[in-house]
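Predicted, not measured: the structure shown is a model, and the values here were computed from it.
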Amino acid sequence: MIMKKYADWKKESIYEFLQVGDIVDEEFVQYFINVMPPACMTSGVIQIGEPYSHINGKATYPTLKNSPEGWRFAGNCHRGETVPQN
């Protein structure tokens with residue numbers, strides 16, 4: 001699988017560049033951590049601190065999840081979770 005690199009992202013919508021399951025480089029991980037204080041940051045999950053949407057009354061956040069291959073984009077998930085909510 002090809003790793004998506006932050007340097008290749010032209011700042012279009014992140015959802016146009018990343019697909020659920022894409023592996024991202026360390027610069028993307030740092031972006032998710034530093035763009036604003038994370039909503040959730042553990043050894044297995046990093047979520048951007050601003051909600052993307054609300055589903056069933058709960059906020060969803062752009063999410064990275066840790067995997068054996070590296071950090072993967074998980075889509076928009078509820079806080080602390082890695083199951084995409086659409």
Check against side chain to side chain contact (heavy atoms under 4.5 Å, CB included), Trp71 and Ile23: CA-CA 6 Å; Trp71 288 95; Ile23 297 172; over 6 Å; no

[atom1]/[X] to [atom2]/[Y] distance, rounded to the nearest 0.5 angstrom?
{"X": "Met3", "Y": "Glu26", "atom1": "CE", "atom2": "CD", "answer": "9.5 Å"}
{"X": "Phe17", "Y": "Gln19", "atom1": "CZ", "atom2": "CD", "answer": "10.5 Å"}
{"X": "Lys65", "Y": "Glu81", "atom1": "NZ", "atom2": "CD", "answer": "12.0 Å"}
{"X": "Asn76", "Y": "Ser53", "atom1": "CG", "atom2": "OG", "answer": "5.5 Å"}
{"X": "Leu18", "Y": "Ile14", "atom1": "CG", "atom2": "CD1", "answer": "5.0 Å"}
{"X": "Arg72", "Y": "Ser67", "atom1": "CZ", "atom2": "OG", "answer": "4.5 Å"}

Ring pair (Phe, Tyr, Trp, His ring centres under 6.0 Å) partner of Trp9, chosen from Phe73, Phe28, Tyr15: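 Of Phe73, Phe28, Tyr15, ring pair (Phe, Tyr, Trp, His ring centres under 6.0 Å) with Trp9 is met by Phe28 alone.
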
Whether over 12 other heavy atoms sit under 6.0 Å from Gln30 CD: yes

Residues, nucleotides or ligands: over 12 heavy atoms within 6.0 Å of Asn34 CG: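 Counting other residues, nucleotides and ligands, CG of Asn34 exceeds 12 neighbours.
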
Val83 side chain near Cys77 side chain, heavy-atom distance below 4.5 Å: no

Side chain to side chain contact (heavy atoms under 4.5 Å, CB included) between Cys40 and Val45, intermediate numbers included: CA-CA 7 Å; Cys40 178; Val45 179; 4.2 Å; yes

ILVMFWY network linking Met41 to Val35, side-chain heavy atoms under 4.5 angstrom: yes

Salt-bridge criterion met for Asp25 and Lys5 (N-O under 4.0 Å): no

Gln47 and Thr63: side chain donor to acceptor below 3.5 Å: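 Yes.
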
Pair Tyr61-Ile48, side chain to side chain contact (heavy atoms under 4.5 Å, CB included): steps then yes or no: CA-CA 6 Å; Tyr61 301 87; Ile48 291 179; 5.7 Å; no

Whether His54 side chain and Thr60 backbone form a donor-acceptor pair below 3.5 Å: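 Judged by distance alone, no pair lies under 3.5 Å.
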
Over all atoms of both residues, closest heavy-atom pair of Leu64 and Val29: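 Answer, listing the atom of Leu64 first, then Val29: CD1-CA, 3.9 Å.
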
Audit row: His78, Ile55, side chain to side chain contact (heavy atoms under 4.5 Å, CB included) steps and yes/no: CA-CA 9 Å; His78 292 302; Ile55 296 178; 4.3 Å; yes

